[in-house]
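The structure appears right after this line, and notes come after that.
Given the structure is predicted, the values throughout are model-derived calculations rather than measurements. One-based numbering, in listed order, for ligands and for the atoms of each. What you see below is based on every heavy atom in this structure, not just the backbone, and it leaves out hydrogens, waters and symmetry mates.
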Amino acid sequence: MATLLIGVTVAIALRFKAAGQQQNQQAASPPRPAITMASPEDAAREMNNPRSKWFREAKYGLFIHWGLYAIPAGTWKGQQIPGIGEWIMNRAKVPVKEYEQLAAQFNPVKFNAEEWAQLAQDAGMKYLTITSKHHDGFALFKSQVSKYNIVDATPFKRDPLKELQAACAKRGIKLCFYYSQAQDWHEPNGAGNTWDFGPDDKKDFDQYLRDKALPQTREILTQYGPLGMIWFDTPRLMTEQRAEQFTKMVRELQPDCLVNGRLGGKGDYRSTGDNRIPDQVVPGVWEVPATINDTWGYKSYDNNWKPPSEIVFKLVDIVSKGGNYLLNVGPTAEGVIPQPSVDVLRKVGQWLNVNGEAIYGAGASPFGQEFGKLDETKKDQRGQPVFEQAKEWRATTKPGRLYIHIFTWPKEFTLDGVKGKVTKAYLLADPKRKGLKYSQTDGKLVMQLPDKAPSELASVIRLDLK
Ligand code: JFZ
């Protein structure tokens, strides 16, 4: 077990190294699979866990990385710092004494919890996961444990998580908190800050857990009503025993609250690597944490917004493989979610308004051929054949129903391997539910489609089966 943990830690550490070279990372083939597979028993346990029912049905959530790093926004002392924005303290090796001073400038007067929650709702997202404390150690909530928090250390003096609690509750959006349990660059004994405090293996990590991470976890579990989950991250120095202290606390204080897969022990579900989507259906409960541009925390010069078509494709792709999509935006230091990301989210929300029944509560594809195939003539760095992704269509399911999401619109659509007899076929975009012409022999279904695709994002055909 110990070797396994070390292995995982090393793998994650290597990945951090790569974070600054994301461009290169993407060009080369991925060095590791997108997700660790669960045993069939574990996958079944995840799927049958009543606690995760809402999560399995929700499918789509809003991730928000917000904190002091939104002030430098990717630039430190006139230098653009490569890598993800919320890592600026680490990447620029900013001493605590200097970084701390950002707190006195943090005054996000344009922050409006109602607007953020409304955006999540308009976007069709069912949960909202926000950084209550990221690796920089700054708490975005009122804390008795550490003065380094938004109420005590900033001119703003408000608790945005309290405001979000009310705004989310009003709209039935599950509120979830990201909490960096291991890395805390503000604390002498927290993991990660080697430039101020020396190597991690010389630290009294348990002291940090006892005096900050655990008591703050208690605060977020007791001061904000029922939470959908706590999203722990980067389990450096975490052992199973250390993880157990957190799990025990969550279970005692909020038995319905989920624990994600990055605590350091077994969680209620698993995460893929950031921005990584598996090639095939993955059994069990899992989530893809991904961001709408190339940073999590706001960077003033990252304008690489993914278009709505890409977000819809990724959402459908992930759901058709059995997962959830947690999509991130990074608000500015004023408390504003950048308009381009708002526009994208709302577009996707409009698509979901029409096609949501094929996403929420939907199961994975019963097929597989639509995902693409291995190209034996192309090899990655490890000498493995490269997976060539196909993007013409995807499938999701509900009992007695099949949904075909079409991205490349043909005249005629042929589907092999349909189990059951199709009794009706129609486009979700058609309010009249006019039946499409089709013929079915054995498992082969041939459908005649209208000349023009009803949606430029993805047109969904619902098939009712007997
Ligand atoms: C972590 C954080 O360090 C980062 O700042 C951000 O919050 C992100 C959502 O999570 O980064 C990771 C964690 C795990 C992997 C990659 C990046 N991973 O397992 O591939």
Side-chain angles (χ1 to χ4, degrees), residues 4-22 25-26 28-37 61-70 72-74 81-92 94 99 127-140 176-186 190-194 200 229-238 260-264 267 269-278 282 286-299 302 323-331:
L4 187 75
L5 276 172
I6 292 165
V8 170
T9 317
V10 169
I12 290 172
L14 285 173
R15 202 154 275 265
F16 287 138
K17 280 234 168 78
Q21 306 141 13
Q22 253 169 8
Q25 267 274 120
Q26 271 161 11
S29 352
R32 290 203 314 157
I35 189 168
T36 39
M37 289 291 170
L62 180 63
F63 210 175
I64 301 179
H65 276 66
W66 196 39
L68 298 181
Y69 38 79
I81 307 298
I84 41 188
E86 72 284 4
W87 272 71
I88 193 164
M89 180 181 177
N90 180 299
R91 300 284 310 206
V94 183
Y99 188 87
Y127 55 112
L128 186 157
T129 309
I130 183 164
T131 47
S132 67
K133 185 200 83 171
H134 205 265
H135 308 331
D136 65 2
F138 180 75
L140 215 60
C176 309
F177 290 153
Y178 173 110
Y179 187 86
S180 177
Q181 80 283 17
Q183 291 199 74
D184 191 316
W185 304 329
H186 187 256
N193 185 341
T194 51
D200 282 353
M229 83 164 81
I230 300 188
W231 213 98
F232 296 105
D233 202 8
T234 66
R236 294 193 196 177
L237 303 181
M238 294 297 289
N260 78 325
R262 289 185 183 174
L263 173 60
Y269 72 91
R270 287 160 293 130
S271 289
T272 64
D274 295 7
N275 301 301
R276 299 279 309 278
I277 301 175
V282 172
W286 53 276
E287 179 181 62
V288 177
T291 188
I292 196 162
N293 49 356
D294 294 319
T295 181
W296 305 84
Y298 179 67
K299 270 175 93 172
D302 182 343
N324 277 32
Y325 192 17
L326 180 61
L327 179 60
N328 180 78
V329 296

Purely on distance, is any nitrogen or oxygen of [X] under 3.5 Å from one on ligand 1?
X: His134; value: yes
X: Trp296; value: no
X: Glu86; value: yes
X: Arg32; value: no

4.5 Å side-chain heavy-atom contact, [X] and [Y]:
X: Glu86; Y: Asp136; answer: no
X: His135; Y: Asn90; answer: no
X: Tyr269; Y: Asn260; answer: yes
X: Arg270; Y: Val282; answer: yes

If you measure from each non-hydrogen atom of [X] to ligand 1, which part falls under 4.0 Å: side chain, backbone, both or neither?
X: His135; answer: side chain
X: Gln183; answer: neither
X: Thr234; answer: side chain

field: Minimum heavy-atom distance between Leu237 and Ala191, given as atom pair plus value
entry: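 Shortest heavy-atom contact: CD1-CB, 3.9 Å.
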- request: List the atom of Ile81, the atom of Lys299, and the distance in Å for their closest heavy-atom pair.
  value: O-NZ, 3.8 Å
query: Which option out of Asp233, Asn90, Thr129 puts a heavy atom nearest to atom 10 (O) of ligand 1?
result: Asp233
Subset of ligand 1 atoms that lie under 4.0 Å from at least one heavy atom of [X]:
X: Gly273; answer: 18 (N), 20 (O)
X: Tyr178; answer: 7 (O)
X: Trp87; answer: 2 (C), 3 (O), 4 (C), 5 (O)

- prompt: For ligand 1, is there an atom lying under 4.0 Å from some heavy atom of Arg276?
  reply: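 No, that is not the case, since the closest heavy atom of the residue is not under 4.0 Å from the ligand.
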- request: From the options Trp296, Trp87, Trp231, select the one residue that forms a ring-ring contact (aromatic ring centres under 6.0 Å, His included) with His65.
  value: Trp296
query: Salt bridge check: are Asp184 and Lys133 linked by an N-O gap of less than 4.0 Å?
result: yes
